[in-house]
Protein chains: 2
Amino acid sequence: MRSDLTTKARIRDASLRLFADEGFEAATVRRIAAAAEVSPGLVVHHYGSKDGLRAACDEHILGLFDGLLGEAQVADQELAAALGEEPTQKFGSFAELFPGDSPVLPYLRRMLLTDDERARAILRGWYDLTLGLLLRWRDAGVLDPGPDPQVRAAALLAMDLGGVLLRGPLSDMLGFDPLAPEGIDRWGTDMYSLFALMLTPDAKGTP
Amino acid sequence: MRSDLTTKARIRDASLRLFADEGFEAATVRRIAAAAEVSPGLVVHHYGSKDGLRAACDEHILGLFDGLLGEAQVADQELAAALGEEPTQKFGSFAELFPGDSPVLPYLRRMLLTDDERARAILRGWYDLTLGLLLRWRDAGVLDPGPDPQVRAAALLAMDLGGVLLRGPLSDMLGFDPLAPEGIDRWGTDMYSLFALMLTPDAKGTP
DNA sequence: GTGAGGTCTGAACGCATGTTCAATACCTTA
DNA sequence: TAAGGTATTGAACATGCGTTCAGACCTCAC
């Protein structure tokens with residue numbers, strides 16, 4: 001496989017941006033071609049059809065998230081040994097994983113918006129991870145996930161992804177972009193402090 | 001089997017559903033007309049254009065939320081007198097305001113995800129209300145909104161709306177629809193219990 | 001050199017779209 | 001009953017869409 005700046009990859013990246021920003025139907029083959037500085041015919045030549053192009057984009061993005069989920073699972077396993085040790089610091093957020101101008105989060109947003117089945121599957125992976133975390137820490141006496149851990153895990157995920165999906169309106173309200181590098185700390189700090197409320201008094205005492 | 005609404009309202013409701021479910025571009029005038037059991041020409045006759053129809057839908061939905069916000073503000077004022085009295089029970093969620101099959105939440109979802117400016121304005125109203133609530137209750141010693149109340153208010157809003165925006169995937173994960181009448185209690189209960197973590201020990205003691 | 005095979009273009013095609021318009025049906029008011 | 005406005009239709013139109021295709025261009029192997 002060749003380097004990633006081939007014309008074919010350039011077309012995919014251009015369509016990634018347009019699909020994410022404007023939606024699949026609104027992004028036309030002609031404008032994708034213009035953005036990638038090629039002819040419309042070449043787009044079809046490389047990807048067979050507009051649907052084929054979308055599939056390639058999906059694959060690309062889902063691959064990234066799958067890899068990420070794998071890393072998170074590994075990190076989770078490693079963490080399982082050192083239980084009770086600053087769990088708050090390990091409760092990472094989606095938003096911190098990608099640079100502010102990356103098209104990855106906007107594209108995920110689009111996939112979730114269109115209820116893509118595979119986006120759901122990715123989400124389910126993160127849900128399982130979160131729920132597992134809550135239960136394990138509960139059993140270790142570190143954390144109280146409330147009366148309904150499954151719903152609690154879903155709510156935490158909803159809050160995290162709500163930040164991704166509502167990035168624009170939230171920036172409006174707060175006066176800063178909570179997902180941009182400059183704002184992620186302020187956003188993340190409060191997420192942590194809200195999460196920390198679930199820690200048991202014992203765990204709170206030992207920072 | 002036609003409804004007893006006027007033809008014009010029937011067209012608007014049909015397009016409301018289609019816009020919400022499939023997006024503005026994907027919902028064609030012809031299919032809207034078919035859903036409303038009229039001819040394509042009549043749609044344009046009543047609303048001038050497809051854009052005019054969208055504007056009418058926006059107006060309809062935004063009107064509903066404006067009215068709701070007004071009611072919430074009134075309720076908030078009334079509550080201000082009886083401060084400290086079961087604040088948890090008054091922390092309502094978006095999702096509980098509409099029946100499960102109403103197109104209102106799906107349409108709001110669509111507006112938020114297309115970054116409609118007026119949807120942002122509506123959201124800002126709810127944000128201001130939430131933030132005001134947090135600050136007032138903090139000053140009354142009932143609640144601790146954490147180190148950054150503005151971000152906290154935004155995060156709570158993100159969680160609430162995250163439920164709306166991710167309804168499909170969440171239903172998948174949880175095995176029940178958290179926004180349907182049968183599931184809203186279970187979802188709402190955990191939202192309450194998470195919110196209750198912010199109450200100060202004094203307030204917690206007095207149910 | 002020459003031909004094969006991939007890359008790339010731009011015009012063309014068929015189709016679905018939003019919109020227009022003349023014609024018809026319905027309903028009110030005089 | 002007559003008139004006039006509104007509601008409604010369905011065919012027609014222009015436009016932009018995804019896609020096709022013949023051919024030009026490039027790059028190697030022989």
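Everything quoted here is computed from the prediction, not taken from an experiment. Numbers restart at 1 for each chain; the letters A, B, ... are given by sequence-line order, proteins then strands.
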Trainee: Give every residue pair that meets the salt bridge (charged side-chain N to carboxylate O under 4.0 Å, His left out) criterion with at least one member in residues 43-53 of chain B, sequence neighbours excluded.
Mentor: none

Trainee: What are the two closest heavy atoms between A/Tyr47 and A/Ala9, and how far apart are they?
Mentor: OH-N, 4.3 Å

Trainee: With the threshold set at under 4.0 Å for non-hydrogen atoms, list the residues of residues 11-23 of chain B touching DNA chain D in residue-number order.
Mentor: none

Trainee: Please write out the pairs of protein N or O atoms and N or O atoms of nucleotides 25-27 of chain D separated by less than 3.5 Å, giving the distance to one decimal.
Mentor:
none

Trainee: Could you list the residues that satisfy salt bridge (Lys or Arg N to Asp or Glu O under 4.0 Å) with B/Arg167, not counting sequence neighbours?
Mentor: B/Asp177

Trainee: Between C/dC8 atom P and A/Lys8 atom NZ, what is the distance in whole Å?
Mentor: 11 Å

Trainee: Please, which pairs that meet salt bridge (charged side-chain N to carboxylate O under 4.0 Å, His left out) have at least one residue in residues 11-20 of chain B, sequence neighbours excluded?
Mentor: B/Arg17-B/Asp21

Trainee: Check the phosphate of D/dA7 against B/Thr7, side-chain N and O only, distance under 4.0 Å to OP1 or OP2. Yes or no?
Mentor: no

Trainee: In whole Å, what is the span from the OH atom of A/Tyr47 to the P atom of C/dT7?
Mentor: 12 Å

Trainee: Side-chain polar contacts of residues 32-40 of chain A - donor-acceptor pairs under 3.5 angstrom, sequence neighbours left out - could you list them?
Mentor:
| from | atom 1 | to | atom 2 | distance (Å) |
| --- | --- | --- | --- | --- |
| A/Ser39 | OG | A/Leu42 | N | 3.4 |

Trainee: Return each pair, listed once, that meets salt bridge (charged side-chain N to carboxylate O under 4.0 Å, His left out) where at least one residue sits in residues 24-35 of chain B; pairs must be two or more places apart or across chains.
Mentor: B/Glu22-B/Arg31

Trainee: Please identify each residue that fulfils salt bridge (Lys or Arg N to Asp or Glu O under 4.0 Å) with B/Arg152, with sequence neighbours left out.
Mentor: A/Asp190

Trainee: Using a 4.0 Å heavy-atom cut-off to protein, can you give one letter per nucleotide of nucleotides 13-27 of chain C, 5' to 3': B if the base is in contact, S if only the sugar-phosphate is, - if neither?
Mentor: ----BBBB-------

Trainee: Test of understanding: with salt bridge (Lys or Arg N to Asp or Glu O under 4.0 Å), list the residues that count as partners of A/Asp128, not counting sequence neighbours.
Mentor: A/Arg124

Trainee: Quick one: list whatever passes ring pair (Phe, Tyr, Trp, His ring centres under 6.0 Å) with A/Phe24, sequence neighbours left out.
Mentor: A/Phe19

Trainee: If the condition is side chain to side chain contact (heavy atoms under 4.5 Å, CB included), which residues does A/Asp116 pass it with, not counting sequence neighbours?
Mentor: A/Asp58, A/Met111, A/Thr114, A/Arg118, A/Ala119

